[in-house]
Amino acid sequence: MIKIENITKSFGQLNVLKGISTEIGKGEVVAIIGPSGSGKSTLLRCMNLLEVPTSGKIAINGQDITDPNANVMAIRQQIGMVFQHFHLFPHMTVLSNLTYAPMKVKGMAKSEAEKKARELLARVGLADKADVFPSRLSGGQKQRVAIARSLVMEPQIMLFDEPTSALDPEMVKEVLEVMKGLAHTGMTMAIVTHEMRFAEEVSDRILFIDDGRLLEETPPKEFFQNPKSERAKQFLEKVR
Amino acid sequence: MNLDFAQIVPYIPFILQGIKGTLLVTLISVVLGFVWGSILALIKISKFGPLNWLAIAYTSVFRGTPLILQLTFVYFATPQLTGYNISQLEAAVLTFTLNSGAYISETIRGGIMAVDKGQWEAAKALGIPYRRMMLDIILPQGIKNILPALVNETIALLKESALVSTIGLSDIMQNANVVKGAIFRYFEPYIIAGTLYYVMVMMLTWVARVVERRMRRSD
């Protein structure tokens, strides 16, 4: 589904990604973990071209998205993204946050968009919040709305960039539950996270990134019980 | 002290008639100046080479020369250059639009740049095209940031509109000038004109407060 071939990314003199290749299959859930500044968020952001790779190739369903002539907007419509800080549109109600893109980007009728939006809000447990503004929601509720906002576009892939890192501890669980539910529906997901237990439980594969390189790519059990690289061992000792 | 308001009473309706000219110039220029300023701000942000450079040069010229000179220039030089006999109102609105557009564009640009970068990223990630993103997501938030500055600009424009009296457009100031000439008294007509401006500014301030409160609904 997503094929990443030897991508690098530099910001000026700083080389953040130093040649990463991997593949994510349809329906697969991949957790990307590693120390701060290792490049895991940058890797994720390359997948929907919020960052354009300096070199290398990314293909989604065989379509090369790093081709300069690629239709970036059309590609992004197939890829949902959830951010650490939610980034809901503060001047719109929760319902409008969900219906805006399907109506204005996909040309969906208002009634249909609202019906879908309400279904999704119910699915993330926020049916009663449709008409409030985001500022009235807790962090966990905001993040669930943000997930619903991505899902309403019917993406084929969902990217999560540290979705629980900005949340108070008691709100982490409600967001992880929604993500777990989503994983069970067969959604293809790439998740940058610091929640090791969640990664172990939900993901099919762990990508361990350190200093811009992909050091390990193994099933979660194997990774957490018996990491191959010295860096992964050190990292796991620190976080657990 | 030599004050005699009895003499001026018959002329008060005439001074009040000037409100129409003042309001006309101010309101049209504010609306057009806002639209023009938004366009300039979007050009400046877009980093589209030559247009971007032009917008910056434009702003620099209109901020770097006196407004009264711009007004005189537009009113007297337009017929000379184009042969078109520009009316006083046209010249006034054109000048004030071009001038306030330059000022407002900088304010709007600042407001847009102050919108959280995450808003741009969220919009991009949803596949929202640039134009829609700017109009529906970024601009509304940017303008909310700068609402107080926009009110200041409108108040400044209302007061500066008195300059149109120099090209003979019948506004509050010009009508007060005329009354002065008719009765040879200064204090009375100008104290009335000053009061009118002050009351209008106060009303504007009040309207702005109501609008601002409405826009802060989502906080």
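So that the names make sense, note that chain A is the first sequence line, chain B the second, and so on, each numbered from 1. As the structure is a prediction and not an experimental result, all values here were calculated from the model.
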**Prompt:** Of the backbone (N, CA, C, O) and the side chain (C-beta and beyond), which part of R149(A) lies under 4.5 Å from a heavy atom of chain B, both, or neither?
**Reply:** both
Identify the heavy atoms of [X] and [Y] that sit nearest to each other, and give their distance.
| X | Y | answer |
| --- | --- | --- |
| H91(A) | I137(B) | CE1-O, 3.6 Å |
| K124(B) | L50(A) | CB-CD2, 3.9 Å |
| F89(A) | A122(B) | CE2-CB, 4.2 Å |
| L126(B) | S150(A) | CD2-CA, 4.5 Å |

Any residues in [range] near chain B, with a heavy-atom distance under 4.5 Å, and which are they?
| range | answer |
| --- | --- |
| residues 100-108 of chain A | Y100(A), A101(A), K104(A), V105(A) |
| residues 155-168 of chain A | none |
| residues 61-84 of chain A | M73(A), R76(A), Q77(A), I79(A), M81(A), F83(A) |

If you count heavy atoms of other groups shown closer than 6.0 angstrom to [atom1] of [X], is the number above 12?
| X | atom1 | value |
| --- | --- | --- |
| K115(A) | NZ | no |
| Y198(B) | OH | no |
| F73(B) | CZ | no |
| M113(B) | CE | no |

**Item:** Residue pairs, two or more places apart or on separate chains, that pass side-chain hydrogen bond (donor to acceptor under 3.5 Å, both in side chains) and touch residues 19-31 of chain B
**Value:** none
**Prompt:** Given a strict heavy-atom distance threshold of 4.5 Å, which part of Q119(B) is in contact with chain A: side chain, backbone, both, or neither?
**Reply:** both
**Prompt:** If you count heavy-atom pairs under 4.5 Å with chain A, which of A123(B), P129(B), G118(B) comes out on top?
**Reply:** G118(B)
